[in-house]
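A quick write-up on the structure given underneath.
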Amino acid sequence: MVSSLDGAAQHDGRSQPISSAADMRIFGTLRALADVVVVGAETVRREGYRPARARAEFAEARRAAGQGPAPAIAVVSAGLDLDYSLPLFTSPLVPTLVLTGAAAPPDRVAAAERAGARVVIAGDGAGVDPGRAVRALAGLGHTRLLTEGGPRLLGQFVAAGVLDELCLTVSPMLTAGDAQRIAGGPPVAVPQRFALASLLEEEGFLFSRYRRD
């Protein structure tokens with residue numbers, strides 16, 4: 001995730017304006033090492049998500065780890081209100097996953113499957129339970145998960161206690177306004193403590209990596 005100095009995770013609804021070339025290199029590396037990229041439906045719509053691509057410089061590392069040529073994208077959606085004409089569904093290198101609840105509309109589940117997506121049930125109601133989502137993805141062999149947001153989805157993972165690591169870029173920018181933080185939703189009862197694992201800097205951007213303490 002990326003945040004401005006005053007805590008904004010987005011500008012004009014997108015993260016790109018507060019990012020940098022180095023941030024995008026790190027973002028690409030994290031993607032290249034993941035089994036699956038977990039992202040909320042709203043972020044897919046706002047950011048124009050595309051399928052992950054195979055990268056030659058990571059091909060040998062992925063083969064050695066028993067991974068496919070590129071990570072799958074797993075879209076978290078309760079209502080399955082998704083545009084299946086997007087490249088994310090029409091031309092992925094590996095099939096796109098859709099995480100939803102058991103109460104999802106059957107006609108929309110069928111539409112997702114007709115579009116070539118693999119629907120994974122990860123909740124008893126309409127929504128997705130983060131802990132169950134992690135277990136369901138692990139059952140498919142996806143144990144290295146990269147959660148790219150948005151803030152509401154990340155907040156759900158934090159509240160459920162299933163976030164193991166946070167890679168956070170602090171952007172040397174001020175935005176003011178009322179943009180979301182990197183994590184939203186209900187607060188946790190007791191703040192969770194993470195330990196700093198590494199810290200890098202380039203052109204005023206700080207690239208931090210925190211692990212669960």
Side-chain angles (χ1 to χ4, degrees), residues 1 9-10 13-15 27 30-31 34-53 67-166 179-189:
M1 302 293 282
Q10 303 164 339
R14 301 176 64 242
S15 59
F27 175 80
L30 293 173
R31 266 197 164 208
D35 291 330
V36 63
V37 175
V38 183
V39 62
E42 182 61 23
T43 297
V44 167
R45 289 187 284 264
R46 282 177 177 260
E47 305 271 358
Y49 256 63
R50 302 183 65 85
R53 59 186 177 88
Q67 296 173 308
I73 305 294
V75 182
V76 177
S77 177
L80 300 183
D81 182 16
L82 301 167
D83 182 356
Y84 297 112
S85 69
L86 294 175
L88 182 60
F89 299 101
T90 61
S91 57
L93 190 60
V94 293
T96 294
L97 306 173
V98 176
L99 299 173
T100 192
D107 59 328
R108 293 189 177 182
V109 171
E113 293 175 335
R114 284 197 303 271
R118 179 169 185 175
V119 178
V120 178
I121 302 301
D124 293 328
V128 170
D129 174 74
R132 187 166 167 182
V134 169
R135 294 191 296 273
L137 291 171
L140 297 175
H142 302 313
T143 57
R144 181 177 284 184
L145 314 182
L146 176 62
T147 306
E148 291 184 353
R152 184 171 61 179
L153 180 65
L154 182 60
Q156 291 170 354
F157 274 69
V158 171
V162 295
L163 191 72
D164 300 314
E165 181 175 289
L166 176 67
Q180 291 178 297
R181 297 157 47 201
I182 65 166
V188 296

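For the single chain, residues carry numbers from 1 onward in sequence order. These figures come from a predicted structure and were not determined experimentally.
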Exercise. Please name the pair of heavy atoms, one in Leu140 and one in Arg118, separated by the smallest distance, quoted to 0.1 Å.
Key: CD2-NH2, 3.2 Å
Quiz item: Rounded to the nearest 0.5 Å, how far apart are CG of Leu146 and CZ of Phe27?
Solution: 7.0 Å
Quiz item: What closest approach, in Å, do Gly127 and Ala78 show between heavy atoms, and which atom pair accounts for it?
Solution: CA-CB, 4.1 Å
Quiz item: Would you find more than 12 non-hydrogen atoms of other residues, nucleotides or ligands less than 6.0 Å from Arg31 atom CZ?
Solution: yes
Quiz item: Taking the side chain as C-beta and beyond, is there a heavy-atom pair between Arg108 and Asp81 under 4.5 Å?
Solution: yes
Quiz prompt | Contact check, side chains of Val44 and Ile73, non-hydrogen atoms, under 4.5 Å | solution = no
Exercise. Apply side-chain contact (heavy atoms from CB on, under 4.5 Å) to Asp83 and Arg45, showing your working.
Key: CA-CA 8 Å; Asp83 182 356; Arg45 289 187 284 264; over 6 Å; no
Practice problem: Look only at the side chain of Thr143 and the backbone of Ala138, and say whether a donor-acceptor pair between them is shorter than 3.5 Å. | Solution: no
Quiz prompt | Non-hydrogen side-chain atoms of Val120 and Val98 separated by less than 4.5 Å | solution = no
Quiz item: Is any side-chain heavy atom of Leu153 less than 4.5 Å from a side-chain heavy atom of Thr43?
Solution: no
Self-check item: Min side-chain heavy-atom separation Tyr84-Arg114 under 4.5 Å
Solution: no
Exercise. Would you please test Tyr49 and Val75 for side-chain contact (heavy atoms from CB on, under 4.5 Å) and show each step?
Key: CA-CA 10 Å; Tyr49 256 63; Val75 182; over 6 Å; no
Quiz item: If you count the non-hydrogen atoms of other residues, nucleotides and ligands that lie under 6.0 Å from CZ in Arg132, is the total more than 12?
Solution: yes
Quiz prompt | Heavy-atom pair of closest approach, residues Ala159 and Pro186 | solution = CB-O, 4.3 Å
Self-check item: Minimum side-chain heavy-atom gap Pro151-Gln10 below 4.5 Å
Solution: yes
Practice problem: Step by step, work out the side-chain contact (heavy atoms from CB on, under 4.5 Å) result for Leu137 and Asp35. | Solution: CA-CA 9 Å; Leu137 291 171; Asp35 291 330; over 6 Å; no
Quiz item: Taking the side chain from Ser77 and the backbone from Ala41, do they hold a donor-acceptor pair closer than 3.5 Å?
Solution: no
Quiz item: Please walk me through it: do Leu154 and Leu163 pass side-chain contact (heavy atoms from CB on, under 4.5 Å)?
Solution: CA-CA 8 Å; Leu154 182 60; Leu163 191 72; 4.0 Å; yes
Quiz item: What heavy-atom pair brings Leu99 and Ala74 nearest, and what distance separates the two atoms?
Solution: CD1-CB, 4.2 Å
Exercise. Measure the spacing between CG of Leu145 and CD of Glu165 and express it to the nearest 0.5 Å.
Key: 11.5 Å
Practice problem: Return the minimal non-hydrogen interatomic distance between Pro130 and Ala160, and the atom names on each side. | Solution: CB-CB, 3.8 Å
Quiz item: Side chains of Asp124 and Asp129: does their closest heavy-atom pair fall under 4.5 Å?
Solution: no
Quiz prompt | Which atom of Pro71 lies closest to which atom of Val94, heavy atoms considered | solution = O-CG2, 3.6 Å
